[in-house]
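Owing to the predicted nature of the structure, the values given are computational and were not obtained by experimental measurement. In what follows, chains are A, B, ... by sequence order, proteins preceding strands, each numbered from 1.
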Amino acid sequence: MRNGWRMVIVMILAVAMTAVFAASSPAQEKKPIVVGFIHSMSGAMSMYGISSEAGGKIAIEEINAAGGVLGRPFKMITRDDKLNPEVGLREAKDLLLSEKADFLTGTISSAVALAISNYVKREKKLFIVTISQSSSITEENFHRYVFRINTNAVPYWGYAPAIALAKTKKAKKIISLGFDYETGKNSLKGFKEKYLQLVPDAKIIDELWAPLGTTDFTAYITKIANSGADAFFLACIYGGGELAFTKQAYAFGLYDKMYAIQPCAGDVETWSGVKKGEPYPKGALATARYPFWAIKGARNEAFVDKHLKMTGFWPSYGAMNQYVTMYAMKAAIEKAGGVDTEKIIDALEGMILDTFVGKIPIRAYDHQAMMPNWYGIIDFTQKLTFPHLIAAGVIGEEGYHTVDQIKKLRGK
Amino acid sequence: MTLEAFTGQALSGISVGMVLFLVAAGLSIIFGTLKVLNLAHGTIYMVGGFLCYLLTSKLVQIPGAFWWTLFIAPVAVAAIGGVIEVLLLRRIYAQEMLYQYILTFALILIIGDACKFFFGVSYKTVAVPWPVNGNVSLWGLSFPLYNLFLIGCGIFVFLALSALIRYTSLGRIVRAVTHNREMASALGINVPRVYTGVFMLGSYLAGLAGTLMPPMSVVALGSDMAVIIECFIIVVIGGLGSLPGAFLGAIILGLLNAFGIYIIPKLALAFPFMLMIVILIIRPWGLLGKPE
């Protein structure tokens with residue numbers, strides 16, 4: 001019983017102290033606009049979290065230094081979702097209820113993003129997805145309160161590589177290798193759908209599937225080498241798996257033997273550690289969501305410098321998205337004349353974002369920003385120490401599902 | 001199927017299998033003597049990979065850094081294994097199997113997080129060492145020398161271990177303890193010490209495989225789980241506790257995978273599991289195991 005009493009006293013004290021602090025805080029003239037930032041800040045994906053947070057901070061410093069938004073400063077509060085939907089949801093609730101966040105942004109895990117999306121739908125608060133790739137967030141599970149300023153799985157994993165291949169090599173006999181799970185299967189499905197429509201006489205001669213987490217692809221590589229295909233497509237082989245595959249394929253001389261379509265080979269986060277002389281996806285056709293070295297303009301260069309200073313590593317696409325998102329919100333709040341969620345949504349729908357990667361429309365139908373995907377060949381140049389995409393072109397809205405396709409998906 | 005394709009699939013299957021054999025042999029030897037199914041065995045393999053990366057990058061100025069690493073890292077892993085056996089496993093031999101699983105599963109999480117803490121989350125690679133870099137031409141097929149080196153390592157370790165167990169007095173002691181612990185103890189054999197030694201030997205083999213892997217692959221968190229599952233398949237096929245069984249099981253798994261991928265790629269992933277089920281039905285103690 002004594003413990004029970006102690007607990008009650010502590011609770012009363014706690015409540016009393018919060019009240020005192022709340023009362024004593026000086027009445028601020030300019031109340032900040034609070035941005036809730038939920039991301040994976042620890043664990044295997046934390047590089048993206050740290051990078052995205054830096055992107056947001058850079059934008060906020062710039063905006064606040066220039067007088068803020070309608071005279072009010074932005075204030076970003078960071079929370080770690082630990083890649084766990086329950087944790088993410090709890091943090092989202094806390095940000096909206098305790099921190100009085102005006103809107104939420106984030107996160108890399110699609111499961112977390114969907115959980116937060118469902119929550120803001122009930123709360124009628126705005127959530128802008130800035131890095132998760134799951135297309136269902138803006139397609140099947142779409143609602144008024146969710147936006148995405150980021151590419152999604154449809155262009156990145158499937159359509160953009162297909163369009164890029166159709167514009168360049170037009171390979172006829174393709175063999176695919178993918179990680180055996182949902183995103184892998186969807187990746188090949190999307191690639192096939194788009195590529196066979198653009199190059200009707202092409203054929204996927206075989207589909208190979210490796211268990212997620214495979215790091216020894218030797219038997220797959222000898223199969224690919226002897227398959228008679230003129231190109232191979234990696235469906236969602238990324239990160240450590242892609243590095244391992246590349247090392248082994250390089251040892252077998254596969255890149256000299258046939259054409260590689262390796263979408264993720266443009267990801268700086270995977271390849272920045274690889275130096276000249278080491279195995280790399282030689283001459284592979286790749287796509288990239290933010291090849292900062294290929295983008296011209298002082299704003300982009302300044303952004304890369306600031307990110308490098310803040311974090312010590314190159315900016316990921318998540319950093320660029322978060323930066324663009326902060327400016328998009330500034331524009332929307334100014335257009336809406338305040339932080340009223342409904343008015344901001346109306347302002348964002350159909351808005352054309354003026355970013356350092358180009359003019360990007362937010363499609364009103366699915367709240368998806370038509371973020372570009374660059375494509376090109378992977379090689380070394382004087383510019384950077386790691387193998388990178390030598391950009392040949394940009395794929396914009398044509399890489400996304402059309403409104404009609406999405407209508408069909410939602411109709412099911 | 002051309003000769004070139006056949007050779008390619010056969011050699012790549014065996015080279016994948018040989019690395020798995022080293023891991024599975026350790027798992028099997030430990031089970032045979034200690035009657036402990038060490039779920040964290042794959043994690044110990046992963047530690048070998050991280051040590052390989054650490055040592056090759058620290059010793060980078062010394063010529064032959066990888067070969068020094070190949071000598072040092074597995075010994076270090078064996079020492080870690082010794083500490084685990086003495087401090088933790090020894091306390092639960094008398095308990096039910098369930099406690100072993102809980103303890104060794106906890107080790108997966110603890111060691112995995114420790115690796116994350118010390119080495120970070122980025123992918124690490126190690127260059128293929130001289131003189132086993134480069135390729136050889138076999139029947140018109142260009143095959144990396146390193147994969148052939150792996151096959152050689154697997155066969156060498158198999159022969160050396162078999163000889164050790166069969167012909168040395170140390171091997172005789174291990175066999176005696178495996179056969180009947182109480183009797184061995186009564187004859188004056190220090191059984192706890194044999195247990196520690198065997199656990200260290202098993203860990204050494206996992207560490208050896210972990211050290212051999214990075215030059216052809218990457219060191220990544222999570223690689224432990226992929227390996228341990230394949231090791232379970234191998235020991236079920238070959239017979240848990242049997243060294244020749246692990247060797248045979250590893251070759252079968254490697255070849256089944258490689259030719260499955262070649263012939264029916266869409267079903268290739270299922271073949272090893274199908275074989276495992278068939279063996280569990282008709283010969284539950286494995287091809288070369290002994291019925292209890």
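Heavy atoms only, all atoms of each residue included: B:Glu4 and A:Asn226 are closest at OE2-OD1, 3.6 Å. Scanning both residues, A:Thr218 and B:Ser12, for their nearest heavy atoms gives CG2-CB, 3.1 Å. The minimum heavy-atom distance linking A:Gly240 with B:Val218 is given by the pair O-CG2, 3.4 Å. Of all the heavy atoms in A:Phe252 and B:Ser142, the pair that sits closest is CD2-O, 3.6 Å. B:Gly8 and A:Thr222 make their closest contact through O-CG2, 3.6 Å (heavy atoms, listed as atom of the first residue, atom of the second, distance). For B:Gln9 against A:Lys223, the heavy-atom pair with the smallest separation is OE1-N, 2.9 Å.
Among A:Gly277, A:Gly239, A:Gly273, the residue with the largest count of heavy-atom pairs under 4.5 Å with chain B is A:Gly239. Your options are B:Gly13, B:Ala127, B:Pro215, and the one with the most heavy-atom pairs under 4.5 Å with chain A is B:Pro215. For chain B, the option among A:Pro279, A:Ala225, A:Ser227, A:Ala251 with the highest count of heavy-atom pairs below 4.5 Å is A:Ala251. Counting heavy-atom pairs closer than 4.5 Å to chain A, the top-ranked of the candidates B:Ile229, B:Leu145, B:Val19, B:Val126 is B:Val126.
Neither the backbone nor the side chain of B:Leu221 has a heavy atom closer than 4.5 Å to any heavy atom of chain A. No part of B:Asn133 comes within reach of chain A, as not one of its non-hydrogen atoms sits under 4.5 angstrom from that chain. Only the side chain of B:Ala226 comes within contact range of chain A, with heavy atoms under 4.5 Å apart. Contact annotation for B:Met213: only side-chain heavy atoms (C-beta onward) come within less than 4.5 Å of a heavy atom of chain A.
Residue B:Phe119 qualifies as enclosed at atom CZ: its count of foreign heavy atoms under 6.0 Å is above 12. Residue B:Phe259 places its CZ atom among more than 12 non-hydrogen atoms of other residues, nucleotides or ligands, all under 6.0 Å distant. Within 6.0 Å of CZ on B:Phe105 lie no more than 12 heavy atoms contributed by other residues, nucleotides or ligands.
Side-chain atoms of B:Ser223 and A:Thr215 form no donor-acceptor pair, as typed in the model, at a separation below 3.5 Å.
Put simply, CD on B:Glu230 and OG1 on A:Thr214 are 7.0 Å apart, with the number rounded to the nearest 0.5 Å. Note: B:Ile261 CD1 to A:Leu208 CG = 7.0 Å, rounded to the nearest 0.5 Å. One finds the OG1 atom of B:Thr125 at 5.0 Å from the CD atom of A:Glu278 (value rounded to the nearest 0.5 Å).
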> Taking it one step at a time, do B:Leu269 and A:Asp180 satisfy side chain to side chain contact (heavy atoms under 4.5 Å, CB included)?
Replying inline: CA-CA 9 Å; B:Leu269 288 180; A:Asp180 187 38; 3.1 Å; yes
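With a 4.5 Å cut-off on side-chain heavy atoms, B:Ser217 and A:Gln248 count as touching.
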